[in-house]
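All chains are named by letter (A, B, ...) in the order of the sequence lines, taking the proteins before the strands, and each is independently numbered beginning at 1.
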Amino acid sequence: MPRWRVLAVFLLPAFLLYSVFIVYPLVSALDYSFFEWRGIRQAGFAGLDNYRDLLSVYPYDQQLWRAFAHNALFFAGTMLIQNTVGLLFAVLLFRYGRGKRFLQASFTTPYLVDPLVVGYLWSLLLNPTFGPVNALLKAAGLDSWALPWLGDTNTALPIVILVNAWQWVGFPMLMFSAALAGIPAEYHEAARVDGASAWQAFRRVTLPLLTPAIGVVSVLTFIGNFNAFGLVYAMAGSTGSPAGSTDVLGLLFYRVAFVEGGVEAIGRSSALAVLMFVFIFGVSLLATSYFRRRERRLV
Amino acid sequence: MKTARRAPGRVAVHLLLWGYAVVALLPLVVMLLNSLRPTSEVFTAPLGLPTSPSLRSYGQVWTEASFSTYFMNSLIVTGGAVLLGTAVSALAAFPLARYDFFGNRVLGAYFLAGLMLPIRLGLVPIFYLMDSMGLIDSLLGLTLLYAASGVPFCIFVLSAFYRSLPVELDEAARLDGAGEFRIFGQIMLPLVRPALASVMLFQFVPLWHEFLYPLVLLRSDEKFTIPRGLSQFFGEYTTDWSALFAGLVLATAPLFVLFVLATRQIIAGLTAGMSK
C-alpha cells in the first residue's frame, strides 16, 4: 500500500485535467440553464424560464420542433436505409467466397473520411451545373433526374440521409457480420430439416438471434444522428439551407449559442444542450433496457 | 429446378455487391482524379479523366491556402492531446486497478461517468472557461481540452489491462525493493504497451476530425486545424474546384496512411506481447 503522496502523483494529473475541462463545464451547463443572462453577466435565478422561452419565443418555438422533426426523420431514414442495407450486405457476404475481404474493406472505407470532408465532397459531386452526378444521369438519358438535389427543399434532407448512409453503412455491416458468425450452424440446419424456406429460416431463426446486435446498432445510430453536425454543416451551412429544410438540433444549438442568440444566448443555449442531453441519454437508456428484455426472452 | 432458380439469384448477388463497391469507392476516386486536373477540365468534362495529370493544385493548396499550417496545427493539437491524455490516464489507471485505497471505487466511477456524458453539452461553459484563462484562439487550450476528453475512455481500457496482469509481478518486485514508480515504469507500462497503442489510435481519429470546438474556439487563420481550415477554404475558393478537391484529398490522406501503419503496428504489438 503506497503512501498518499505517491498515490497523488499517479492520480492528480488525470483528475485535474478531467475535472477542469470536462466535469466543471458539464456541471456549469446545467447551472447556466437555470439563470437569466444579460450577455455574459448572470442576472438572477430564472428557474425554468430559459426552457420555457425555447419552447415559446419566436423563432425558437418553430425552429426547435422543425430541427427535432428533421433529426427524427434522419434517424428513421438511417434505420430504414443504412441499417437494412448493412444487414443485407452482412447476410450476402456471410457465405461469400473470393473477394469477400475486398468488398468488406471497400464498404467500410468511407468511414475513415472526416464527415466534414464527406459533406463538402458530396456538395461538389451533386452540384447542379458542374457536378459529375448529374452529368452521369444526363449521359444515361435520365435528364429529368438531373435535379438540383441540395437546392430543393424536398430533396435536400433525403440526400443528406443518403450521403450519411454512404459513409456509415460499413458499420452495421461489420456489427451484423460479427453477430452472424456467432450463430451456431446447427440452428440453420435444424430449420432446413424442418422444411423451412431460406426466408423463413432468416425471419424465424437468424433475425431473432440478431436482437443484441440490432439493439447496439439502433442505439448508436440514434446517438450519432441526434448529434449530427459536421456533415450537415458542410452540405447545408449553419442554417440548414435551403430554407431550413435540413436544420438539425446540432446546428440550432450552435446558432443559439454563438451566432444569433443575443443577450440571452448563454441561458437558452445551455437549456437546449441540457434538453438534448436528457432526451438522447433517456431514450438510449430506455432502448437499451428494452433490447435487454427482448434478449432475455430469447434464452 | 433448384439450381436453375439459384443461378440468376447468385448473379444478382454478385452484381449488387460489386456494384455497391463501385458506389462506395467511386466518389473517392473522383475526388483524387479531379484534384489532378485543372478546374477548366473539371468544369467542361465532369466525367472525364485527367488528360495530363499534375500536382499543381496541391502546391497551391499547401502554400497559398495555408494547408501546411493547418496540417502542422492538427498534428500538434491531436498528437499532443493523444500523448498527454494517454500519459495521465496510464498513470491514474495503475493505482485505480491495482491498489485498494480509500475512495478507489468512487474515484473510478467519477472517471467512468465521463464515458456517458457528451462533451458537447459543455460547449458554452468551455468557451467562457477558455476565455477566462486566455486560451481562446490557442492551440494549447484545444490540446488540453482534447486530452481531457480522452481520459475516461483511456482509464476504462487501461484499468482492464492492468487488472489482467498477475499480482505476483508487483509483489515480487516490491520484495526486491523496487519503488512504486519503478514498478509502474519498468514492469507495468511495458506490459500494457499493446493497449497503449490501440487506445492512442482510438483517440486520434475523432480528435483529428473534431470540428465544432475549433469552429468556436479558434479565431485566426494561422491557428486553424485541418477541419476548421477546410471550412474557411471552402468559403474562399468556391470556384476553384481543382483546389477544392486537392484540399479534400489532403484532409483525408493522413488518416489513410495512419490507419495502414497503425493496424500493422497494433497487430505487431499484440503478437509481441503474446510471445513474451
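Remark: B:Ser35 engages B:Tyr58 in a side-chain hydrogen bond (donor to acceptor under 3.5 Å, both in side chains) (not counting sequence neighbours). Among residues two or more places apart in sequence or in another chain, the ring-ring contact (aromatic ring centres under 6.0 Å, His included) test is passed with B:Tyr146 by none.
One finds the CG atom of B:Leu145 at 7.0 Å from the CZ atom of A:Phe21 (value rounded to the nearest 0.5 Å). B:Phe127 CZ to A:Ile266 CD1: the interatomic distance, rounded to the nearest 0.5 Å, is 9.0 Å. Between the OH atom in A:Tyr18 and the OG atom in B:Ser89 there is a gap of 11.0 Å [rounded to 0.5 Å]. Atom CG of B:Leu25 and atom CZ of A:Phe107 lie 9.0 Å apart (nearest 0.5 Å). For the atom pair B:Leu47 CG and A:Lys138 NZ, the distance stands at 10.5 Å (nearest 0.5 Å). Rounding to the nearest 0.5 Å places CG of A:Leu121 at 6.5 Å from CG of B:Leu28.
The part of A:Ser269 that comes within reach of chain B is its side chain, from C-beta onward, which places non-hydrogen atoms under 4.5 angstrom from that chain. Contact of B:Val22 with chain A is not made at all, since no heavy-atom distance falls under 4.5 Å. Looking at A:Leu16, neither its backbone nor its side chain comes within 4.5 Å of chain B, counting heavy atoms on both sides. Within the 4.5 angstrom heavy-atom criterion, only side-chain atoms of A:Leu103, from C-beta onward, approach chain B. Only the side chain of A:Ala139 comes within less than 4.5 Å of a heavy atom in chain B; its backbone stays farther off. Heavy atoms closer than 4.5 Å to chain B are found in the side chain of A:Leu88, but not in its backbone. Contacts between A:Val20 and chain B at a heavy-atom distance below 4.5 Å involve backbone atoms as well as side-chain atoms. For A:Ser284, no part lies near chain B; criterion is any non-hydrogen pair under 4.5 Å. With a 4.5 angstrom heavy-atom cutoff, B:Val205 does not touch chain A via any of its atoms. Only the side chain of A:Val169 has a heavy atom closer than 4.5 Å to any heavy atom of chain B. For chain A, the nearby part of B:Leu129 is the side chain; its heavy atoms alone come within less than 4.5 Å.
Proximity of B:Thr44 to A:Phe130: side-chain heavy atoms (C-beta onward) are nowhere separated by under 4.5 Å. In this structure, the side chains of B:Val88 and A:Phe15 stay at 4.5 Å or more apart for every pair of heavy atoms. Annotation: side chain of B:Thr252 is not in contact with side chain of A:Leu112 (no heavy-atom distance under 4.5 Å). In this structure, B:Phe102 and A:Leu7 have side chains that are not in contact, with every pair of non-hydrogen atoms separated by 4.5 Å or more. B:Ser231 is listed as a side-chain neighbour of A:Tyr120, based on a closest heavy-atom distance under 4.5 Å. Looking at A:Leu12 and B:Leu91, their side chains never come closer than 4.5 Å, going by heavy atoms from C-beta outward. Two residues are said to be in side-chain contact when any heavy atoms from C-beta on lie closer than 4.5 Å; B:Leu16 and A:Leu92 meet this criterion. A:Leu124 is listed as a side-chain neighbour of B:Phe245, based on a closest heavy-atom distance under 4.5 Å.
Residues from residues 233-242 of chain B that place a non-hydrogen atom less than 4.5 Å from a non-hydrogen atom of chain A comprise B:Phe234, B:Trp241, given in numerical order. Close approach to chain A, defined as a heavy atom under 4.5 Å from one of its heavy atoms, is seen in B:Leu107, B:Tyr110, B:Phe111, B:Ala113, B:Gly114, B:Met116 of residues 106-116 of chain B, taken by number.
Atom OH of A:Tyr24 has 12 or fewer neighbouring heavy atoms from other residues, nucleotides or ligands inside a 6.0 Å radius. More than 12 heavy atoms of other shown residues, nucleotides or ligands fall within 6.0 angstrom of atom CG in B:Leu26.
Relative ring orientation between B:Tyr20 and A:Phe89 is described as tilted, the plane-to-plane angle lying within the 30° to 60° band.
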Item to check | side-chain contact (heavy atoms from CB on, under 4.5 Å) evaluation trace for B:Val216 with A:Tyr254 | outcome: CA-CA 9 Å; B:Val216 168; A:Tyr254 169 69; 3.9 Å; yes
